[in-house]
Protein chains: 2
Amino acid sequence: MIATPSLTVQARKEPRQARSTTTVEAIYEATIQVLLADGPSRLTTTRVAKRAGVSVGTLYQYFPNKQALFYAVNQRYLDMLADRVEAACRAQHGQNYADMARALVGTYITVKIERRDVTRVLYLAAVEVDVAELVEDMTQRIEAASNVMFASAGDAEFDNLATLNLTLLNVLFGTVRSFFDRQMSDLLEGAIGDQIVSMFCSALEAARSHPR
Amino acid sequence: MIATPSLTVQARKEPRQARSTTTVEAIYEATIQVLLADGPSRLTTTRVAKRAGVSVGTLYQYFPNKQALFYAVNQRYLDMLADRVEAACRAQHGQNYADMARALVGTYITVKIERRDVTRVLYLAAVEVDVAELVEDMTQRIEAASNVMFASAGDAEFDNLATLNLTLLNVLFGTVRSFFDRQMSDLLEGAIGDQIVSMFCSALEAARSHPR
DNA sequence: ACCTGAACACCGTTCAAGT
DNA sequence: ACCTGAACACCGTTCAAGT
């Protein structure tokens with residue numbers, strides 16, 4: 001397994017003129033469209049370029065390879081996701097831990113479901129390209145925000161919060177992914193989402209410090 | 001997104017002579033080796049054939065396309081996983097639900113870790129090919145076995161067991177996957193595995209029927 | 001019954017030539 | 001400064017020819 005040096009994965013150059021900004025936008029949009037319409041296995045640079053209305057050469061002027069293109073699309077999506085969850089965590093500062101759990105789980109699920117097509121297609125395609133690094137960044141932002149949030153709970157203090165938090169977030173990410181992979185994402189908005197929240201609450205409850 | 005008709009994904013013909021059984025074995029083995037050594041993006045039919053010591057044509061005599069090859073490798077692995085978990089569930093029939101949770105979670109994690117390389121590489125490559133159907137089959141076998149097991153618990157009865165069981169298994173599958181994707185699979189054998197078991201237990205406890 | 005490998009269509013990527 | 005598209009190497013797949 002060869003790790004792709006991350007440099008090759010950055011955009012080749014920044015657009016400097018209005019014309020090329022439009023081009024890059026069109027390429028992003030076309031990438032998602034091709035993924036949605038034709039599936040990951042038909043995500044070819046030629047197809048994306050054609051759909052974006054430019055030549056392949058142009059695409060390669062902005063993205064050194066197909067990976068970089070897909071990487072950029074993921075980056076936008078994952079940054080947005082991390083932004084939203086961070087904001088939700090900040091908003092809960094000092095509140096009750098049950099509300100925190102609800103906000104964290106709820107926001108994550110909401111964002112994933114708002115863009116359910118993109119979510120699914122990115123889960124599906126995530127492997128044709130090495131996106132692990134990006135996912136790890138997003139994960140760590142959320143982990144940090146969530147840690148700070150739970151540590152600030154007004155109604156409890158927790159033992160081993162870091163480890164518990166790690167587990168809880170992997171539970172959340174993994175469970176949501178399982179439901180998406182199995183095309184059962186709709187259930188997340190209902191009873192299943194609530195079950196996840198109560199699992200969070202029980203686990204937190206069990207980890208409360210009881211100083212004497 | 002085009003669903004691959006499942007027929008094209010079956011092995012093209014059954015080997016009838018000792019010679020060809022060996023060939024098919026060699027091809028399976030070579031597939032895993034190439035995946036492990038070169039990564040999913042370099043899994044090419046030519047490479048597999050070469051590593052197996054046969055010509056490409058021979059490979060195509062037994063597998064109609066690259067998908068079918070990868071599909072077959074997954075099938076073996078997932079069948080084995082379902083077999084093991086089913087056996088563990090059967091062994092717990094009539095016991096306490098906490099022991100059941102420990103056995104279910106423990107067996108699943110143990111099998112995944114026993115073959116950690118293959119596990120990781122199959123998670124990684126799972127998308128280059130449509131394997132969703134296979135995963136769904138394995139999942140449903142485990143779901144059925146687990147449902148029967150928990151329904152037989154000697155120390156409790158549960159409300160809405162089917163829904164709860166669905167959530168619990170997606171939690172298990174998803175969480176394990178998250179730790180593997182993040183290359184933190186070792187943690188599953190220790191404290192994290194225990195945390196998953198206690199989350200199972202709290203959720204089950206909360207769902208106990210209390211008839212009056 | 002099984003195997004071989006040259007041949008074909010297609011994809012990622014490049015680069016000389018254009019505006 | 002940006003764009004084009006023919007050209008090249010490589011991969012999936014086929015099939016006529018071999019044992």
Side-chain angles (χ1 to χ4, degrees), chain A residues 2 4-5 7-28 30-31 34-35 38-73 125 127-130, chain B residues 2 4-5 7-28 30-31 34-35 38-73 125 127-130:
Chain A
I2 288 103
T4 315
L7 269 178
T8 66
V9 130
Q10 305 309 317
R12 177 164 276 174
K13 70 177 189 187
E14 295 297 305
R16 312 225 164 154
Q17 293 188 359
R19 179 163 53 144
S20 59
T21 308
T22 314
T23 302
V24 170
E25 274 311 316
I27 293 173
Y28 278 131
T31 305
V34 170
L35 238 19
D38 305 333
S41 63
R42 305 199 191 180
L43 181 69
T44 68
T45 48
T46 329
R47 256 194 178 74
V48 171
K50 182 177 255 175
R51 185 140 198 160
V54 297
S55 91
V56 234
T58 302
L59 189 156
Y60 278 89
Q61 225 179 337
Y62 296 100
F63 302 95
N65 50 50
K66 197 174 112 170
Q67 287 211 13
L69 173 60
F70 185 72
Y71 190 93
V73 170
V127 168
E128 307 221 343
V129 157
D130 189 12
Chain B
I2 288 102
T4 315
L7 269 176
T8 66
V9 130
Q10 305 308 317
R12 177 164 276 175
K13 68 178 190 187
E14 296 296 304
R16 312 224 162 152
Q17 293 187 1
R19 179 165 49 144
S20 59
T21 307
T22 314
T23 303
V24 171
E25 275 311 317
I27 293 173
Y28 278 130
T31 305
V34 170
L35 238 19
D38 305 333
S41 63
R42 306 200 189 177
L43 180 70
T44 68
T45 48
T46 330
R47 255 196 180 73
V48 171
K50 182 177 256 176
R51 185 140 198 160
V54 298
S55 89
V56 235
T58 302
L59 188 156
Y60 278 89
Q61 226 180 336
Y62 296 100
F63 302 95
N65 49 51
K66 199 176 111 170
Q67 288 211 10
L69 173 61
F70 184 73
Y71 191 93
V73 170
V127 168
E128 308 222 342
V129 158
D130 190 11

- Query: Under 4.0 Å: is that the gap between some side-chain N or O of A:T45 and OP1 or OP2 of C:dG12?
  - Reply: yes

- Note on the structure: To the nearest angstrom, the CD-C1' distance between A:Q61 and D:dT4 comes to 10 Å

- Task: Please figure out whether A:R47 or B:V56 has its closest DNA chain C nucleotide nearer the 5' end.
- Result: B:V56

- Message: Rounded to whole Å, how long is the line connecting atom CG of B:D38 with atom C1' of D:dC10?
- Response: 15 Å

- Task: Please determine, for the side chain of A:T58, which listed nucleotide (C:dG12, C:dC3, D:dC3) has the closest atom?
- Result: D:dC3

- Message: Please report the interatomic distance CZ(B:F63) to OH(B:Y28), rounded to the nearest 0.5 Å.
- Response: 4.5 Å

- Task: Using only side-chain N and O atoms of A:T44, determine if any of them is under 4.0 Å from OP1 or OP2 of C:dC10.
- Result: no

- Task: Would you check if the side chain of B:T58 reaches a backbone N or O of B:V54 as a donor-acceptor pair within less than 3.5 Å?
- Result: no

- Message: Any heavy-atom pair between the side chains of B:T45 and B:Y60 that's under 4.5 Å?
- Response: yes

- Both distances under 3.5 Å, Watson-Crick or G-U wobble: report the partner of C:dG12, or none. D:dC8

- Item | A:K66, nearest nucleotide to its side chain (from C:dG12, C:dT4, D:dC2) | C:dG12

- Gap between atoms CG and C1', on B:L59 and C:dG5 respectively (whole Å): 14 Å

- Gap between atoms CG and P, on B:L69 and D:dC11 respectively (whole Å): 16 Å

- Task: Round to a whole Å and report the spacing from CG of B:N65 to P of C:dA9.
- Result: 20 Å

- Could you please name the option among D:dT13, C:dT4, D:dC3 that lies closest to any side-chain atom of A:Y62? D:dC3

- Query: Separation of B:F70 atom CZ from D:dG12 atom P, in whole Å?
  - Reply: 14 Å

- Rounded interatomic separation in angstrom, taking CZ from B:F63 and P from C:dC3: 12 Å

- Query: Using purine N1 to pyrimidine N3 plus N6-O4 or O6-N4 for Watson-Crick, or N1-O2 and O6-N3 for G-U wobble, both under 3.5 Å, which nucleotide pairs with C:dC3?
  - Reply: none

- Whole-Å gap separating P (C:dC11) and CZ (B:R42): 21 Å

- Note on the structure: As its Watson-Crick or G-U partner within any shown strand, both distances under 3.5 Å, D:dA17 has none

- OP1 or OP2 of C:dC10 sitting under 4.0 Å from any side-chain N/O of A:T46? no

- Query: Which listed nucleotide (D:dG12, C:dT13, C:dC3) is nearest to the side chain of B:Y60?
  - Reply: D:dG12

- Message: Has A:K66 got a side-chain atom pairing as donor or acceptor with A:L43's backbone, closer than 3.5 angstrom?
- Response: yes

- Task: Find the distance between CZ (B:R51) and OG1 (B:T44) and round it off to the nearest 0.5 Å.
- Result: 11.5 Å

